[in-house]
Enquirer: 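To start, I am sharing the structure in question, which I have written as structure tokens.
Not measured: the values here are computed from a predicted model.
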Amino acid sequence: MNKEADLLAQARTARDRAYARYSGFRVGAAIECRDGSVFVGCNVENASYPVTLCAERGAVSAAIAAGKLDFDRIAIVCNATEPVAPCGACRQVLAEFAPDMEVISEAGGQVSRWSLTELLPSRFSKTDLPALPRDVGPETTREGS
């Protein structure tokens with residue numbers, strides 16, 4: 001089995017473990033680090049939809065918990081009829097660590113590939129944050145201080 005096929009197989013296994021009791025939309029992700037290690041995640045839904053965890057962010061969290069921050073690519077597998085790209089929130093999280101990573105998505109017997117830059121061309125990054133004086137705090141931001 002080649003490396004991409006193995007990555008997709010791990011994402012498939014994660015998809016099969018997804019907790020998608022509300023939507024039925026099962027997603028698994030496998031993120032490969034530059035050192036070859038792989039971490040998986042699956043979507044975990046919640047009756048309060050906004051707190052649902054996407055598979056991609058679950059895989060990123062698992063990797064970070066293991067001390068890995070250098071990502072090369074991610075494989076996503078879902079039970080849709082066509083491959084899907086990561087949601088906007090997941091794109092932003094992935095771009096924090098690897099803005100040029102490869103994204104591979106499989107569904108319905110098809111595979112699609114993108115670069116993350118292609119999916120999120122104008123990402124928000126730390127360079128977009130304003131430089132603030134180091135002494136800005138609650139006591140110096142009150143009116144009249």
Side-chain angles (χ1 to χ4, degrees), residues 1-138 140-141:
M1 190 178 289
N2 68 35
K3 287 185 83 172
E4 182 177 299
D6 184 51
L7 198 63
L8 285 165
Q10 289 186 61
R12 263 185 238 108
T13 298
R15 176 205 55 202
D16 294 344
R17 295 179 179 150
Y19 182 79
R21 127 183 257 167
Y22 302 98
S23 72
F25 186 65
R26 303 169 72 80
V27 183
I31 193 163
E32 182 179 26
C33 301
R34 292 188 199 261
D35 68 2
S37 56
V38 175
F39 297 88
V40 298
C42 63
N43 60 318
V44 180
E45 293 183 348
N46 190 284
S48 175
Y49 289 134
V51 298
T52 292
L53 177 66
C54 294
E56 299 90 334
R57 285 182 278 151
V60 168
S61 293
I64 291 171
K68 306 293 182 174
L69 298 173
D70 295 324
F71 306 131
D72 193 35
R73 61 185 172 170
I74 190 165
I76 304 158
V77 176
C78 68
N79 62 346
T81 57
E82 295 180 5
V84 297
C87 74
C90 288
R91 293 176 196 196
Q92 183 63 44
V93 168
L94 292 168
E96 177 75 15
F97 301 99
D100 298 318
M101 77 183 316
E102 179 182 17
V103 178
I104 306 161
S105 181
E106 176 189 83
Q110 304 169 56
V111 176
S112 293
R113 292 173 186 77
W114 305 275
S115 72
L116 191 54
T117 301
E118 212 178 340
L119 294 174
L120 190 64
S122 298
R123 72 185 180 99
F124 184 84
S125 73
K126 63 183 176 186
T127 60
D128 296 311
L129 296 171
L132 296 175
R134 292 187 185 269
D135 64 348
V136 171
T140 59
T141 58

Enquirer: Working to the nearest 0.5 Å, report the span between CD of E56 and CD1 of I76.
Expert: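 Taking CD in E56 and CD1 in I76, the distance rounds to 4.0 Å.
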
Enquirer: Contact between C54 and V27 at the side-chain level, heavy atoms closer than 4.5 Å - yes or no?
Expert: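 Heavy-atom side-chain distance check fails, nothing below 4.5 Å.
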
Enquirer: Name every donor-acceptor pair, under 3.5 Å, that has one atom in a side chain of residues 60-72 and the other anywhere in the protein, sequence neighbours excluded.
Expert:
| residue | atom | partner | partner atom | Å |
| --- | --- | --- | --- | --- |
| S61 | OG | R57 | O | 3.0 |
| K68 | NZ | D35 | OD2 | 2.4 |

Enquirer: R26 side chain to A18 main-chain N or O, any donor-acceptor pair under 3.5 Å?
Expert: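 Yes; judged by distance alone, with no hydrogens or angles, the pair exists.
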
Enquirer: Surrounding CZ of R17 (heavy atoms of other residues, nucleotides or ligands, distance under 6.0 Å), is the total greater than 12?
Expert: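 Check fails, neighbour count at 12 or below.
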
Enquirer: Taking N43 for its side chain and F25 for its backbone only, find out whether a donor-acceptor pair lies under 3.5 Å.
Expert: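 Present.
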
Enquirer: In Å and rounded to the nearest 0.5 Å, what is the CG to CD distance from L116 to Q92?
Expert: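 Nearest 0.5 Å value for the CG-CD distance: 9.0 Å.
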
Enquirer: Going by the rule side chain to side chain contact (heavy atoms under 4.5 Å, CB included), which residues pair with S48 if we only count those two or more places apart in sequence or in a different chain?
Expert: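 For S48 the side chain to side chain contact (heavy atoms under 4.5 Å, CB included) partners, ignoring immediate neighbours, are N46, P50, V51.
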
Enquirer: Applying side chain to side chain contact (heavy atoms under 4.5 Å, CB included), name anything that partners A30, two or more places apart in sequence or on another chain.
Expert: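 A30: side chain to side chain contact (heavy atoms under 4.5 Å, CB included) contacts with L7, Q10, A11, V38, V40.
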
Enquirer: Which side-chain N or O atoms in residues 93-108 pair as donor and acceptor under 3.5 Å with protein atoms at least two apart or in another chain?
Expert:
| residue | atom | partner | partner atom | Å |
| --- | --- | --- | --- | --- |
| D100 | OD1 | T117 | OG1 | 2.6 |
| S105 | OG | V84 | N | 3.0 |
| S105 | OG | V84 | O | 2.7 |
| E106 | OE1 | R12 | NE | 2.8 |
| E106 | OE1 | R12 | NH2 | 3.2 |
| E106 | OE2 | R12 | NH2 | 3.0 |

Enquirer: Treating D128 as the side-chain partner and S125 as the backbone partner, does any N or O pair qualify as donor plus acceptor under 3.5 Å?
Expert: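 Side chain of D128 to backbone of S125: a pair is present.
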
Enquirer: Minimum heavy-atom separation for T52 to E45, with atom names?
Expert: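 Minimum heavy-atom contact is OG1-CA, 3.5 Å.
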
Enquirer: Going by the rule salt bridge (Lys or Arg N to Asp or Glu O under 4.0 Å), which residues pair with R123 if we only count those two or more places apart in sequence or in a different chain?
Expert: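 Not a single residue meets the salt bridge (Lys or Arg N to Asp or Glu O under 4.0 Å) criterion with R123.
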
Enquirer: For residues 76-93, which residue pairs pass the salt bridge (Lys or Arg N to Asp or Glu O under 4.0 Å) check, not counting sequence neighbours?
Expert: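 Listed by first then second residue: nothing to list.
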
Enquirer: Using 4.0 Å as the upper bound for N to carboxylate O, is an ion pair formed by E32 and R73?
Expert: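 Here R73 pairs with E32 in a salt bridge, since their nearest N and O are under 4.0 Å apart.
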
Enquirer: Can you name the nearest heavy-atom pair linking A29 to A59, along with the distance?
Expert: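 That closest heavy-atom pairing would be O-CB, 4.1 Å.
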
Enquirer: Measure the CG-OG distance between N79 and S23 for me, rounded to the nearest 0.5 Å.
Expert: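 Going from the CG atom of N79 to the OG atom of S23 covers 8.0 Å.
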
Enquirer: How about C42 and Y19: do any of their side-chain heavy atoms sit closer than 4.5 Å?
Expert: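 Of all side-chain heavy-atom pairs linking Y19 with C42, none is under 4.5 Å.
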
